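This report refers to the structure that appears directly beneath it.
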Amino acid sequence: MAGCSGVPNMQACFILPLATGMSLTLCLLTLRRRNPKARYVLWPRIDQKSCLKCSLTAGFELVVVEPLREGDELHTNLPRLTELLQSMDPGSVACILSTTSCFAPRAPDDEVCCVSSVVAIAKLCKKADVPHIINNAYGLQCPVIMGNIAKVSAVLSMLFHPCLNWIFMQAARRGRVDAFIQSTDKNFMVPVGGAIVAGFDVEFISAIGKTYPGRGSACPSMDVLITLLSLGLEGYQKLLVSRKSMFIYLAEQLRDLAARYQERLLETPSNTISIGITLTADNAKSLTELGSMLFSRLVSGSRVVVPGGSKDVEGIQLEGWGSHCPNYPTAYLTAAAAIGITKKEIDQFISKFEKILHKFKEKHLKNMIALTPPEVEDSQQKLKVTPSSKWSNTPRGSWKKKDRRRKKSGETQPTDGDHQSPPESSVLNSPNSDPDQSIVNNSLDISTNGLPQQEI
């Protein structure tokens, strides 16, 4: 594992039958046993409830460190962390809980202005003698571009993301890293319910494992084992390379879509998993409708964030919840390119998102410049039927009513002007007709410029 993970100096790791949040909780409980007097966890803010709840569940008070905004991107506030460590009693700080992967526009804690903040935080922790726990949920697959990865000497180090793991090596050598935790489902495409806990201190990692009470399911370990045996080293490497190219493709498609609708892509170069696109409307609160429309069309994972909201999480009030800071200047939608994503899935997402966005802007944005509606697929355009029989002008169901009246009056033949019920094959066998005529004709919505409603 040490060689394959790209962290040759890693000393121990194991798989917990728990998701990332509960695995972080076990790490913090282990720290509590080692330092019962500790009260606080310093947390560079990332708006994900698991990060808050794991600290509170372990019995610590959370000290939120708000990020710094540079352009569109939000970075770790290292000066504030330094100030807190200098002003607080080191014995009262259980740890600093940093994060290497997060939703845009938050930049990961692995890079701040081309300087690794994980290394900087590790140095602060070493100097103040404070433990350092890293939430590395997506980190094994994150292709952050950094230099000097040649220091990782093992050939197998290319299996997992070498850049982030190089950061861990440098942080461990030049500072302090007690443990880093990564999700199995986010990195190995297995069902939710497992996490890998790794570190450089065998005694501490072993102590975390002993904290787990009772027996646990072997499913997470078996899922990872079967997946790795099935893919092999080469197969997993191909997935990592593909994920990187798919991220670039997703960014290009979203950038083109944004330009067509007077929006723009958020410039977050340090985040190579999540992408943000601005959203505008006359009523900003109506933007949340976009998220529900996407979800109802089986698009999961994307988030619509509207500035100005707040969230109370276990008694902690966070302003601007979802945007990682109190006063982010614009609403936006995020989309991520995780391992295993394909070009077809991205194209399907872009198609659905564009149709929804067009419909939404027509409805909610009064001053919107006239836009060309998204193209309808050729197969859908060909579904238009030219009526070719006497049944075409008959209102649906009218022939049934007339047939019932004839039966009551004793008539056996239809009178002039009546329409007989169409044979089942009369429309289907017409050379200019289509079997889906009735479906298409009844699904058109004028407000969507003729787009099939079920596809909007």
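Along the sequence shown, residues are numbered consecutively beginning with 1. Since the structure is predicted, the reported quantities are computational estimates derived from the model, not experimental observations.
A side-chain donor-acceptor contact under 3.5 Å links Thr184 to the backbone of Gly194. A donor-acceptor contact shorter than 3.5 Å links the side chain of Asp178 to the backbone of His132. When atom types are taken as modelled, the side chain of Asn187 and the backbone of Ala137 share a donor-acceptor pair closer than 3.5 angstrom. The backbone N or O of Pro67 sits nowhere less than 3.5 Å from a side-chain atom of Asn77 that would complete a donor-acceptor pair. Under the 3.5 Å distance criterion, the side-chain polar atoms of Thr76 are left unmatched by any main-chain donor or acceptor of Leu78. Remark: the backbone N or O of His324 is paired with a side-chain donor or acceptor of Asp47 at under 3.5 angstrom. A donor-acceptor pair under 3.5 Å is formed between the side chain of Thr211 and the backbone N or O of Ala207. Proximity of a side-chain donor or acceptor of Arg106 to a complementary backbone N or O of Arg45 within less than 3.5 Å is detected. Remark: side-chain polar atoms of Ser323 are paired, donor with acceptor, to backbone N or O of Cys325 under 3.5 angstrom. Counting only distance, with no hydrogens or angles, the side chain of Arg69 and the backbone of Gly71 share a donor-acceptor pair below 3.5 Å.
You'll find the side chain of Cys95 reaches within 4.5 Å of the side chain of Val41, heavy atoms only. Residues Phe247 and Ile273 have side chains not in contact (no heavy-atom distance under 4.5 Å, counting atoms from C-beta outward). With a 4.5 Å cut-off on side-chain heavy atoms, Val224 and Leu228 count as touching. Residues Leu84 and Tyr40 have side chains not in contact (no heavy-atom distance under 4.5 Å, counting atoms from C-beta outward). Contact of the Ile134 side chain with the Thr99 side chain is not registered, since no non-hydrogen atoms from C-beta on lie closer than 4.5 Å. Put simply, the side chain of Met246 reaches to within 4.5 Å of the side chain of Lys343, judged on heavy atoms. When side chains are defined from C-beta on, Glu203 does not count as touching Ser206, because their heavy atoms never get closer than 4.5 Å. The shortest distance between side-chain heavy atoms of Leu266 and Ile277 does not fall below 4.5 Å.
The two residues Leu279 and Phe353 make their nearest non-hydrogen contact at CD2-CZ, 4.5 Å. Nearest heavy-atom pair across Tyr212 and Leu16 is CD1-CD2, 4.0 Å. Taking all atoms of both residues into account, the shortest heavy-atom contact from Phe204 to Cys27 is CZ-O, 4.3 Å. The minimum heavy-atom distance between Leu18 and Ser23, with the atom names listed, is O-OG, 3.4 Å. Contact detail for Ala281 and Ser286: the closest heavy-atom pair is CB-OG, 4.1 Å. Considering every non-hydrogen atom in both Cys13 and Ala198, the closest pair reads CB-CB, 3.6 Å.
Comment: Asp72 engages Arg264 in a salt bridge, judged by a side-chain N to carboxylate O separation of less than 4.0 angstrom. A salt bridge links Glu234 and Lys238; the closest N-O separation between the charged side-chain nitrogens and carboxylate oxygens is under 4.0 Å. Under the 4.0 Å criterion applied to side-chain N and carboxylate O atoms, Asp129 and Arg176 are assigned as salt-bridge partners. Salt bridge status for Glu314 with Lys49: absent, with no side-chain N to carboxylate O gap under 4.0 Å. Classification of Arg260 and Glu354 as a salt-bridged pair holds, one side-chain N sitting under 4.0 Å from a carboxylate O. A salt bridge is absent between Lys359 and Glu362; no separation between the charged side-chain nitrogens and carboxylate oxygens falls under 4.0 Å.
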Side chain to side chain contact (heavy atoms under 4.5 Å, CB included) assessment of Lys352 paired with Met293: CA-CA 10 Å; Lys352 291 182 178 181; Met293 293 171 72; over 6 Å; no
Thr280 vs Gln262, side-chain hydrogen bond (donor to acceptor under 3.5 Å, both in side chains): CA-CA, chis, key distance, verdict: CA-CA 9 Å; Thr280 55; Gln262 296 88 50; over 6 Å; no
Trace of the side chain to side chain contact (heavy atoms under 4.5 Å, CB included) decision for Glu73 with Ser270: CA-CA 8 Å; Glu73 204 165 50; Ser270 298; 3.2 Å; yes
Steps toward side-chain hydrogen bond (donor to acceptor under 3.5 Å, both in side chains) verdict (Thr278, Thr330): CA-CA 7 Å; Thr278 62; Thr330 182; 5.2 Å; no
Stepwise side chain to side chain contact (heavy atoms under 4.5 Å, CB included) check, Lys53 with Leu24: CA-CA 10 Å; Lys53 291 183 177 180; Leu24 287 168; over 6 Å; no
Test side chain to side chain contact (heavy atoms under 4.5 Å, CB included) applied to Trp43 and Cys51, step by step: CA-CA 8 Å; Trp43 175 59; Cys51 301; 3.5 Å; yes
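Counting only N and O atoms by type, the side chains of Gln182 and Asn136 include a donor and acceptor under 3.5 Å apart. Between the side chains of Thr57 and Thr25, no donor-acceptor pair of N or O atoms lies under 3.5 Å. Checking Asp347 against Tyr249 by side-chain atom types alone, a donor-acceptor pair falls below 3.5 Å.
Judged by the 6.0 Å distance and 45° axis criteria, Arg39 is not positioned over the aromatic ring of Phe60.
Results of the side chain to side chain contact (heavy atoms under 4.5 Å, CB included) test with Asn135 over Ile46, Thr20, Thr100, Ile181 single out Thr20 as the only residue that passes.
The ring of Phe200 has its center closer than 6.0 angstrom to the ring center of Phe180.
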